[in-house]
Amino acid sequence: ESLAYLSATPLAYQFYTRNAHRREHMVHSAAAHPVFRFDERGSGDFLQICHNNHHRAAQLSSSAPELYRHLRVLNDVLYEPGSVFKVLLEPGMVALVDNYRVLHGRTAFAGNRLLAGCYVSVDQYHCSLRENLMSPDVRLVC
């Protein structure tokens, strides 16, 4: 029931941050979309999950109690021990995440770190994966 509801109901999200080039300027991003997206052209295959509870805007409609009930179910499932995969990255390690298929985050840590992000198309990823899997220096953690 919650999967069907969260696949059909757009949720509002918003995010405020400082402009990377002009720190005195704020950037506001807003969007509305369902949490889950499936192929509607026949196969019904799962295509995307898109949800960040920290960036979810207040839902002020008369259906808010129903929405919050389904979000509670989603959060219960997301935080079950079997739903969470944790890996401690060590210097030189890289984590690749498909933003369309995996919700991801970071936990607290002590010390310094360098965190860099980038976006790679699926085609670029598959090409690079094929090339690098031939290298004996590459080790995959799944």
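Please read these numbers as outputs of a predicted model, since none were measured by experiment. All heavy atoms count here, side chains included; hydrogens, waters and symmetry mates do not.
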What's the spacing between Arg69 CZ and Glu1 CD if we round to 0.5 Å?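 Output value for this atom pair is 4.5 Å.
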Could you tell me which non-hydrogen atom of [X] sits nearest to which non-hydrogen atom of [Y], and how far apart they are?
X: Pro10; Y: Ala32; result: CB-C, 4.3 Å
X: Asn52; Y: His54; result: OD1-N, 2.9 Å
X: Ser2; Y: His70; result: OG-ND1, 2.7 Å
X: Val77; Y: Ser83; result: O-OG, 2.7 Å

Rest of the hydrophobic cluster containing Leu67 (Ile/Leu/Val/Met/Phe/Trp/Tyr, side-chain heavy atoms under 4.5 Å)?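 Result for Leu67 is Leu3, Tyr5, Leu6, Leu11, Tyr13, Val35, Phe36, Phe38, Phe46, Ile49, Tyr68, Leu71, Leu74, Leu78, Tyr79, Leu103.
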Please enumerate all residues that pass side chain to side chain contact (heavy atoms under 4.5 Å, CB included) together with Ser43, with sequence neighbours excluded.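 So Ser43 forms a side chain to side chain contact (heavy atoms under 4.5 Å, CB included) with Asp39, Asp45.
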Which pairs, with at least one residue in residues 101-110 and sequence neighbours excluded, count as a side-chain hydrogen bond (donor to acceptor under 3.5 Å, both in side chains)?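 Found Asn99-His104.
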Between the main-chain N or O of Ser121 and the side-chain N or O of Gln124, is there a donor-acceptor pair closer than 3.5 Å?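 It does hold such a pair.
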Distance-only side-chain donor-acceptor flag, Arg56 / Asn53, under 3.5 Å: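 On atom types as modelled, these side chains qualify, holding a pair under 3.5 Å.
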